[in-house]
Amino acid sequence: MNACKLNIYIVSALLVLLSACTRNDGDIGELYGLWRVVSIEDNGEELESYDGTLYFAFQSNVYCQRVVDESLHVYTDNFASWHYQSDDEIIVDFSDNRYAPFTITGMQKGQNLVRIEKCKGKDLEMSYVAAEGTYYIYKLKKW
């Protein structure tokens with residue numbers, strides 16, 4: 001095989017590998033990726049019943065709440081769409097009838113206004129006021 005054909009194969013292989021990456025197509029900035037919910041507060045009181053198995057994930061306009069059962073190596077995903085309402089507010093929309101938010105989050109079917117209180121490095125803090133007035137704070141770590 002001559003050097004010209006070899007170079008063409010190498011360049012072709014590199015182009016295929018570089019174009020296979022999906023991160024840039026779904027990267028939405030600081031929120032991008034998987035976040036472990038470290039704690040949940042309900043009206044200023046940390047929920048003692050929360051066992052640390054909830055994750056939030058953001059990619060493109062897709063939002064996911066995931067509960068992981070590490071002992072069985074299984075997980076349950078509930079999907080929604082999301083978008084920025086403003087610089088520090090997002091709308092999480094559970095309008096798809098196949099999915100509902102996990103009860104522990106306090107979120108409801110349909111649109112939920114979630115406020116980004118702090119997003120710095122691997123720390124994220126979000127708040128949500130449920131329809132009945134309960135004030136939730138979610139503290140998350142980048143996973």
Side-chain angles (χ1 to χ4, degrees), residues 4-143:
C4 184
K5 285 184 180 180
L6 181 60
N7 286 339
I8 290 172
Y9 287 125
I10 291 173
V11 169
S12 297
L14 285 173
L15 287 175
V16 168
L17 288 173
L18 291 174
S19 66
C21 180
T22 61
R23 177 173 159 84
N24 290 337
D25 291 339
D27 191 338
I28 41 74
E30 291 181 313
L31 294 182
Y32 178 84
L34 185 63
W35 298 84
R36 181 173 175 264
V37 180
V38 177
S39 69
I40 300 174
E41 292 180 15
D42 172 344
N43 288 330
E45 298 290 323
E46 192 167 321
L47 290 179
E48 292 181 21
S49 62
Y50 176 60
D51 59 1
T53 60
L54 179 64
Y55 296 79
F56 291 171
F58 298 88
Q59 182 174 357
S60 188
N61 67 338
V62 178
Y63 168 82
C64 176
Q65 289 182 354
R66 173 177 283 177
V67 170
V68 177
D69 184 336
E70 293 176 355
S71 65
L72 298 175
H73 304 288
V74 296
Y75 58 88
T76 304
D77 288 336
N78 286 340
F79 293 97
S81 62
W82 77 280
H83 65 272
Y84 279 101
Q85 172 90 356
S86 66
D87 287 344
D88 60 354
E89 293 177 329
I90 62 172
I91 300 290
V92 176
D93 190 354
F94 279 97
S95 292
D96 187 324
N97 289 329
R98 295 175 295 173
Y99 304 106
F102 290 108
T103 305
I104 198 161
T105 66
M107 292 185 194
Q108 62 187 10
K109 288 287 290 173
Q111 294 189 350
N112 299 272
L113 178 65
V114 179
R115 184 170 179 81
I116 301 166
E117 300 293 341
K118 178 179 96 172
C119 186
K120 186 168 182 168
K122 294 186 179 226
D123 295 315
L124 175 62
E125 187 173 304
M126 306 171 91
S127 64
Y128 169 71
V129 179
E132 78 282 351
T134 304
Y135 181 71
Y136 290 90
I137 296 177
Y138 316 106
K139 294 183 180 175
L140 303 98
K141 286 278 188 194
K142 188 77 166 214
W143 197 249

List in chain and number order the residues that pass side chain to side chain donor-acceptor pair (under 3.5 Å) with [X], two or more places apart in sequence or in another chain; answer none if no residue qualifies.
| X | value |
| --- | --- |
| Ser39 | none |
| Asn78 | none |
| Asp42 | none |
| Glu45 | none |

Taking every non-hydrogen atom, the tightest pair across Gly106 and Tyr128: O-CE2, 3.3 Å
Quick one: closest heavy-atom pair of Val92 and Tyr63, and the distance?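 Result for this residue pair: CG1-CD2, 3.4 Å.
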Glu117: which residues meet the side chain to side chain contact (heavy atoms under 4.5 Å, CB included) condition with it, sequence neighbours left out? Arg115, Glu125, Ser127, Tyr135
Keeping Asn112 on the side-chain end and Gly110 on the backbone end, is there a donor-acceptor pair under 3.5 Å? yes
Measuring from atom [atom1] of [X] to atom [atom2] of [Y], what distance do you get when rounded to the nearest 0.5 angstrom?
| X | Y | atom1 | atom2 | answer |
| --- | --- | --- | --- | --- |
| Ile104 | Gln65 | CD1 | CD | 10.5 Å |
| Met107 | Asp93 | CE | CG | 11.5 Å |
| Lys118 | Asp123 | NZ | CG | 5.0 Å |
| Gln111 | His83 | CD | NE2 | 6.5 Å |
| Asp51 | Asp69 | CG | CG | 9.0 Å |
| Cys64 | Leu34 | SG | CG | 8.0 Å |

Looking at Phe56, Tyr138, Trp35, which one forms a side chain to side chain contact (heavy atoms under 4.5 Å, CB included) with Leu124?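 One option only clears the test, and that one is Trp35.
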Quick one: which of Arg36, Lys122, Met126 gives a side chain to side chain contact (heavy atoms under 4.5 Å, CB included) with Leu140?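 It is Met126; the other options fail the test.
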With a 4.5 Å heavy-atom cut-off, do Ile116 and Ile90 have their side chains touching?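 The answer is yes; the side chains approach within 4.5 Å.
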Contact between Leu31 and Tyr84 at the side-chain level, heavy atoms closer than 4.5 Å - yes or no?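 Of all side-chain heavy-atom pairs linking Tyr84 with Leu31, at least one is under 4.5 Å.
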Output field: ring centroids Phe58/Tyr32 closer than 6.0 Å: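 Phe58 vs Tyr32: aromatic centres not under 6.0 Å.
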Per the side-chain hydrogen bond (donor to acceptor under 3.5 Å, both in side chains) rule, what does the pair list look like for residues 100-110, sequence neighbours excluded?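 Listed by first then second residue: nothing to list.
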Taking atom CD as the centre, does Glu70 end up with more than 12 heavy-atom neighbours from other residues, nucleotides or ligands that are less than 6.0 angstrom away? no
Partners passing ring-ring contact (aromatic ring centres under 6.0 Å, His included) against [X] (at least two apart in sequence or in another chain):
| X | answer |
| --- | --- |
| Tyr136 | none |
| Phe79 | Tyr99 |
| Tyr55 | Trp143 |

Residues forming a salt bridge (charged side-chain N to carboxylate O under 4.0 Å, His left out) with [X], sequence neighbours excluded:
| X | answer |
| --- | --- |
| Asp96 | Arg98 |
| Asp77 | Arg66 |
| Glu41 | Lys139 |

